[in-house]
Amino acid sequence: MVTLHGEIDHAVANELTEALLSYGSVTRPRTVVDLSGVTFMDSSGINVLIAAQQSMSDAQGWLRIAGAQASVLRVLELVGLDQVIDCHSTVEQALTP
């Protein structure tokens, strides 16, 4: 589980990439990204999520998003990311198989 707060933009994209793609030798990485504390996300954050989803999918794992606030969820929907990555209202829902 990765819990994020504040704004997800170019300034933090490298740190987010490292956090999401540092699963090492885990054969089937499974990660929930809790966005409930995120107030803004630009294309940098979207690109990191796409790369993480692709990497985890290639490793037979998954990436799920939980708790996105309305403004962030709207961005995810506008770019169609909600069609590629499962989005859930709560962390508990995202953790349920």
Side-chain angles (χ1 to χ4, degrees):
M1 169 112 91
V2 176
T3 302
L4 306 173
H5 297 279
E7 297 183 354
I8 308 300
D9 57 16
H10 180 71
V12 298
N14 288 339
E15 291 174 58
L16 180 56
T17 298
E18 186 176 318
L20 291 178
L21 296 178
S22 64
Y23 49 84
S25 64
V26 175
T27 52
R28 295 183 62 194
R30 296 179 180 106
T31 303
V32 173
V33 179
D34 180 0
L35 297 179
S36 61
V38 174
T39 56
F40 172 83
M41 181 182 296
D42 70 6
S43 62
S44 300
I46 297 296
N47 289 333
V48 171
L49 291 174
I50 291 169
Q53 165 62 24
Q54 185 62 51
S55 178
M56 290 180 194
S57 179
D58 289 348
Q60 268 74 76
W62 48 254
L63 177 70
R64 295 178 182 164
I65 294 172
Q69 295 182 23
S71 60
V72 174
L73 184 58
R74 180 75 178 134
V75 170
L76 298 175
E77 292 170 344
L78 283 172
V79 299
L81 199 56
D82 64 320
Q83 300 298 310
V84 178
I85 301 173
D86 290 335
C87 295
H88 301 271
S89 299
T90 68
V91 169
E92 292 77 18
Q93 290 172 346
L95 291 171
T96 303

Without swapping roles, check the side chain of [X] against the backbone of [Y] for a donor-acceptor pair under 3.5 Å.
X	Y	answer
Thr90	Gln93	yes
Arg28	Gly61	no
Ser55	Ala51	no

Report the distance from atom [atom1] of [X] to atom [atom2] of [Y], rounding to the nearest 0.5 Å.
X	Y	atom1	atom2	value
Ser36	His5	OG	NE2	6.5 Å
Met56	Thr31	CE	OG1	3.5 Å
Gln53	Leu63	CD	CG	5.5 Å
Ser43	Asp9	OG	CG	9.5 Å
Gln60	Arg30	CD	CZ	10.5 Å
Leu76	Ser71	CG	OG	9.5 Å

Beyond-backbone contact of [X] with [Y], side-chain heavy atoms, under 4.5 angstrom:
X	Y	result
Ile8	Asp42	no
Thr39	Glu7	yes
Asp86	Trp62	no
Glu18	Glu15	no
Leu35	Gln69	no
Leu49	Leu20	yes

Non-hydrogen atoms of Val72 and Val38 that approach each other most closely: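 Closest approach of Val72 to Val38: CG2-O, 3.5 Å.
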Would [X] and [Y] show up in the same hydrophobic cluster when neighbours are defined by side-chain heavy atoms closer than 4.5 Å?
X	Y	result
Leu21	Ile65	yes
Val2	Ile85	yes
Val48	Val79	yes

Residues Leu4, Val33; criterion side-chain contact (heavy atoms from CB on, under 4.5 Å); working and verdict: CA-CA 7 Å; Leu4 306 173; Val33 179; 3.6 Å; yes
Distance-only donor-acceptor check, side chains Asp58 and Gln54, under 3.5 Å: yes
